[in-house]
Amino acid sequence: MKNEKMQIMSVNSVALDTIEMVLKNSYISQTAVPGQFLHVGVDGHTLRRPISIADVNKQEESVTILFKIIGSGTRHLSSYQAGMILNVLGPNGNGFPIQDDATVLLIGGGIGVPPLYNLGKTLAERGTKIISILGFQTADSVFYEQKFRNLGETYIVTNDGTYGYEGYVTDVLELTDDFDRYYSCGPVPMLEAITAALKHKQGFISLEERMGCGVGACFACVIPTDTQGGYKKICKDGPVFSAQEVML
Amino acid sequence: MTNLAVNLPGLQLKNPVMPASGCFGFGREYSEFYDLGKLGAVIMKAATGSERFGNHVPRVAETSSGMLNAIGLQNPGVEKIIETEVPFLADYDTKLIANVAGSTIEEYELVAKTFNQTNQVHALELNISCPNVKEGGSQFGTDPFMAAKVTERVKQANNLPVYVKLSPNVSDIITMAKAVEAAGADGLSMINTLAGMQIHLPSKRPLLANKTGGLSGPAVKPIAIRMIYEVKQHVSIPIIGMGGISNAEDVLEFLLAGANAVAVGTANFQNPFICPEIIDELPGVLNKYGFGSVQDAVGKGIVE
């Protein structure tokens, strides 16, 4: 991980309040692995914003991030335009373990979907069959559907049923049981439901939390590992954990 | 040649800049960015008698020009810190200050004694001002009698110089400073964070799991400057100043208000290189305003 400058190559709105930014940087594009994140500085804001890496293009030395406009920091970041420079710490965190499985299931919820794309692409290139279940609040929030379909079988779920299946990602889990491992990222209630429903399977989950330093020094983003005071730092030990490793 | 050296009890500093306690862990993470030997000193994250897990998350929230934190003194306990963290930091050419916390006077004594036995720690920062724990911390830091008592007992329990970290969450900071000076404090460290709160609109509840948190960052700098300025005129022990420092001009402002050295906290999160950058820029800033050394500037902003 280094403190790097990244030039914005493009800014696109890909869904409701959802921005895709392509950033140019040699070091980060060559070293990042799926599941890692960038700690992005936003002018006028004290704290950096942790944002997952959604895609990497080593030839073009570019890194794609997606974020949702939630508060003043992400709103300000969404106003940045191509050509501007971002101050970034990255790539941060551990990333998903890459295994040689025959088939994996990716389960993403909302803005937890992006890191799974980079993972799915990487695994597909290694010959793994990819099945994806992507959950969104509503039809307007859906993004990257075609990109995931290009990787393999994909199920889209919306909470209000305005697109794809109606309900939650757990409602369509039963449609597919033929996979060796699952990888999931999304809101904590979703991860709780998934890790409970897929107890019999090996899985990895990626967690999000409000962060301070983003490098492991400030202890802002910890997650308990047991009831005896054990813990992991999400920014440094994570954000990816095995499903049994942490207490959600 | 601008002289950045500062001579304080137990601390012959090559420069006056050190990362503030709690914002730098035990240095390992930032050692990947630069040589910690560049720093005047390192103030370690708070140590308690035994391991503490701290508060639930969320533990941080951004504010205008600052942030709230409620970590809750998470640390592996003094023994573990001495075993696994102190030797790492002791390898660097810098001074080491241990931040001592506790729930009872006995716990403060125990932590201080334990650090004293290592011979690798150069001074203690007595944390009587953490706003984020139910017991200990701020009940000692808001009552001059209790502050004096814990200072006196910790002084008796060890030979290291003791810098008492004052809470700004008091109506009369001068009384607090004088009380700990009279009790034997070798120096002051000020200010800790200000108690604050943020309500999260979507959930209509306090954002931090601990409800309240300590405000830090540029937002608190004027309060720190005012408190140091006032205290300086009533005590003769040195002051390590902190509160929202993010550049070398801020450091000079703290020196002028009466600080002898400074600590940089929240700014590390935005810029991991902030401490060495400030150290590099400080001679130029001192020269620009007519000072040949750090020592020359201390207290020069105080007017009759």
Side-chain angles (χ1 to χ4, degrees), chain A residues 1-5 39-50 68 70-77 86-90 92-93 187-188 207-238 246-248, chain B residues 19-34 45-46 50-77 200-202 207-209 213 215-219 244 246 265-274:
Chain A
M1 177 230 310
K2 284 187 184 174
N3 190 359
E4 291 285 301
K5 299 213 176 339
H39 211 25
V40 181
V42 183
D43 285 341
H45 289 265
T46 303
L47 295 177
R48 291 169 177 271
R49 300 303 194 264
K68 193 156 188 185
I70 301 281
S72 65
T74 42
R75 181 161 302 281
H76 186 44
L77 187 60
L86 287 184
N87 183 314
V88 166
L89 291 179
N92 288 26
V188 168
L207 301 179
E208 180 178 59
E209 188 51 70
R210 287 172 187 268
M211 290 182 185
C213 66
V215 301
C218 80
F219 291 75
C221 60
V222 297
I223 177 105
T225 52
D226 53 45
T227 51
Q228 267 74 57
Y231 66 92
K232 297 271 182 182
K233 298 172 184 173
I234 292 175
C235 66
K236 181 141 198 204
D237 305 321
V246 290
M247 290 175 65
L248 293 171
Chain B
S21 183
C23 299
F24 207 72
F26 300 98
R28 283 181 197 276
E29 293 79 14
Y30 289 94
S31 73
E32 291 174 26
F33 291 102
Y34 60 87
K45 182 165 176 54
S50 47
E51 181 183 40
R52 278 211 204 192
F53 179 74
N55 297 319
H56 290 294
V57 294
R59 291 177 169 186
V60 290
E62 188 176 76
T63 67
S64 298
S65 299
M67 64 176 286
L68 291 166
N69 89 80
I71 307 297
L73 297 182
Q74 180 161 20
N75 78 95
H200 182 237
L201 296 187
L207 193 155
L208 298 174
L215 180 66
S216 64
S246 45
T266 304
N268 287 290
F269 301 162
Q270 208 169 56
N271 176 4
F273 297 97
I274 190 70

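Treat the numbers as computed from the prediction; the structure is a model and nothing was measured. Numbered from 1 within each chain, the chains take letters A, B, ... in sequence-line order.
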*When heavy-atom pairs shorter than 4.5 Å are enumerated against chain A, which of B:Asn268, B:Asn271, B:Leu207 gives the highest number?*
B:Leu207
*Should B:Pro272 and A:Leu89 count as side-chain neighbours, where that means a heavy-atom distance under 4.5 Å?*
yes
*Atom group of B:Phe269 that falls short of 4.5 Å from chain A, counting heavy atoms*: both
*Say whether, by atom type as modelled, one donor and one acceptor occur between the side chain of A:Arg210 and the main chain of B:Arg59 under 3.5 angstrom.*
no
_Which residues share a salt bridge (charged side-chain N to carboxylate O under 4.0 Å, His left out) with A:Lys233, sequence neighbours left out_ = B:Glu29
*Sort A:His45 into side chain, backbone, both or neither according to what part of it lies under 4.5 angstrom from a heavy atom of chain B.*
both
_From CA spacing to verdict: side chain to side chain contact (heavy atoms under 4.5 Å, CB included), B:Asn75, A:Phe219_ = CA-CA 9 Å; B:Asn75 78 95; A:Phe219 291 75; over 6 Å; no
*For each of B:Ala61, B:Gly22, B:Cys23, B:Gly66, tally heavy-atom pairs with chain A at distances under 4.5 Å, and name the one with the top tally.*
B:Gly66
*Do you know which of B:Gln74, B:Glu51, B:Lys45, B:Glu32 has the most heavy-atom pairs with chain A at a distance under 4.5 angstrom?*
B:Gln74
*Check whether more than 12 heavy atoms from other residues, nucleotides or ligands sit under 6.0 Å from atom NE2 of B:His200, and answer yes or no.*
yes
*asked:* Taking ring-ring contact (aromatic ring centres under 6.0 Å, His included) as the definition, give me every residue that meets it alongside B:Phe273, ordered by chain and number, with sequence neighbours left out.
replied: B:Phe33
*Is there side-chain contact between A:Cys213 and B:Tyr30, with heavy atoms separated by less than 4.5 Å?*
yes
_If I compare all heavy atoms of B:Val60 with all of A:Ala220, which pair ends up nearest, and what's the gap?_
CG1-CB, 3.5 Å
*Taking every heavy-atom pair that is under 4.5 Å apart, which of A:Asn87, A:Ile223, A:Asn3, A:Leu47 has the most such pairs with chain B?*
A:Leu47
*Is chain B contacted by the side chain of A:Arg48, its backbone, both, or neither, given a heavy-atom distance below 4.5 Å?*
side chain
*Heavy-atom distance under 4.5 Å between the side chains of A:Thr46 and B:Thr63, does that happen here?*
no
_Interface moiety of B:Leu201 toward chain A, non-hydrogen atoms closer than 4.5 Å_ = neither
*Is the shortest distance from a Lys or Arg side-chain nitrogen in A:Arg49 or B:Glu62 to a carboxylate oxygen in the other one below 4.0 Å?*
yes
*asked:* Quick check on B:Ser65 against chain A: is it the side chain, the backbone, both or neither that has a heavy atom closer than 4.5 Å?
replied: backbone
